[in-house]
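I have placed the structure first, in the form of structure tokens, so that the comments after it can refer back to it.
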Amino acid sequence: MAGSNPTGTKAQLYDAFAASGKALASGKRLELLDLLAQGERTVDALAKAAGLNLTTASAHLQTLKQAGFVATRREGVRIHYRLAGDDVAQLFALLRKVAERHQATVSGARDAYLGEDGAAEVTHEELRARAAAGDVLVLDVRPMEEYRAGHIPGARSIPVDELADRINELPEDTDIVVYCRGEYCVLAYDAVRLLTDHGRRAIRLNDGMLEWRLAELPVEATDLA
């Protein structure tokens, strides 16, 4: 085209695209994105939640930061990480769904990890209607810091690792809708199995907090002060 003076090549452009793909080419980095989709966390907290040592977690986070997927803020000597934008959460969610549709190994790995809980499921719309009618108890079984960072309005928090000891806090005559981080989060499955074993009427949200946020549905946060 007259007047244009390109200095780059198509290969350079596509290599720039590929750099983002390379940053996602690690199961542990995807797990870190999954955790950060729940809210901001320190390196220490991310390492613990992902089962990594501090050095390895830091290296993975630096790779994600170089790709522009995460951002940081400093508070004293502590570094806090967060997703760089909602588009990163959308990319992560889409990657999982595309992989499940087109990669044969995903379905089996998903089923082996999540197991079967025999629970009925509800959609966002069904849950909102039933919650508005007051005929369900909504139960968030994620760790408390994730609940505080943002939860479904009106949801009650009992982390899954506390649920067995607190089962008597939950009614026996009310449907309990359980949710956790997202569609592939095992915490809700474990909670439903436990609730059912103790005679509670457990239903599972068909995805979780990641998808709830991406649908731009109302979210409540709890003041940490």
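Along the sequence shown, residues carry numbers from 1.
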Is it true that Glu125 and Arg128 make a salt bridge, defined as a side-chain N closer than 4.0 Å to a carboxylate O? no

Run the salt-bridge test on Glu211 and Arg96 with the 4.0 Å N-O cut-off and return the result as yes or no. yes

To the nearest 0.5 Å, tell me how far [X] [atom1] sits from [Y] [atom2].
X      : Y      : atom1 : atom2 : answer
Cys185 : Asp207 : SG    : CG    : 11.0 Å
Leu205 : Leu139 : CG    : CG    : 12.0 Å
Leu114 : Tyr184 : CG    : OH    : 9.0 Å
Phe69  : Leu36  : CZ    : CG    : 13.0 Å
Glu145 : Glu40  : CD    : CD    : 12.5 Å
His60  : Leu52  : NE2   : CG    : 5.5 Å

Does the side chain of [Y] come within less than 4.5 Å of [X]'s, by heavy atoms?
X      : Y      : result
Asp175 : Asp135 : no
Leu61  : Ile79  : no
Asp111 : Glu116 : no
Asn206 : Glu126 : no
Leu187 : Pro143 : yes
Arg130 : Val138 : no
Leu33  : Leu91  : no
Val136 : Val122 : no

Indicate yes or no for a side-chain donor-acceptor contact from [X] to the backbone of [Y] under 3.5 Å, with no hydrogens or angles considered.
X      : Y      : result
Arg200 : Ile167 : yes
Thr63  : Ala59  : yes
Gln103 : Thr105 : no
Trp212 : Pro218 : yes
Glu172 : Gly199 : no

Those residues that, when tested against Asp117, pass side chain to side chain contact (heavy atoms under 4.5 Å, CB included) (two or more places apart): Ala119, Tyr189, Val192, Arg193, Arg204

Identify whether [X] and [Y] are in the same connected component of the hydrophobic contact network (ILVMFWY, side-chain heavy atoms under 4.5 Å).
X      : Y      : result
Leu94  : Val88  : no
Ile176 : Leu127 : no
Val70  : Leu46  : yes
Leu137 : Tyr179 : no
Leu217 : Met209 : yes

Residues two or more places apart in sequence or in another chain: which of them pass ring-ring contact (aromatic ring centres under 6.0 Å, His included) with His80?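 Per chain and number, His80 pairs via ring-ring contact (aromatic ring centres under 6.0 Å, His included) with no residue.
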
For [X], look at atom [atom1] and say whether over 12 heavy atoms of other residues, nucleotides or ligands are found less than 6.0 Å away.
X      : atom1 : value
Asp161 : CG    : yes
Lys97  : NZ    : yes
Glu216 : CD    : no
Lys28  : NZ    : yes

Should Glu162 and Val141 be marked as a side chain to side chain contact (heavy atoms under 4.5 Å, CB included) after you check the CA-CA gap, both sets of side-chain angles, and the distance that decides it? CA-CA 9 Å; Glu162 300 177 15; Val141 296; over 6 Å; no

For [X] and [Y], work out which heavy atoms get closest and say how close.
X      : Y      : value
Ala49  : Glu31  : O-OE2, 4.0 Å
Ala93  : Leu210 : CB-CD2, 4.2 Å
Val219 : Gly150 : CG1-CA, 3.6 Å
Asp140 : Arg142 : OD2-NH2, 2.7 Å
Ala67  : Ala23  : CB-CB, 3.5 Å
Gly68  : Ala84  : O-CB, 3.2 Å

Check against side chain to side chain contact (heavy atoms under 4.5 Å, CB included), Arg156 and Leu170: CA-CA 10 Å; Arg156 182 170 181 176; Leu170 299 173; 4.2 Å; yes

Relative to the ring of Tyr147, is the ring of His151 parallel (under 30°), tilted (30 to 60°) or perpendicular (over 60°)? parallel

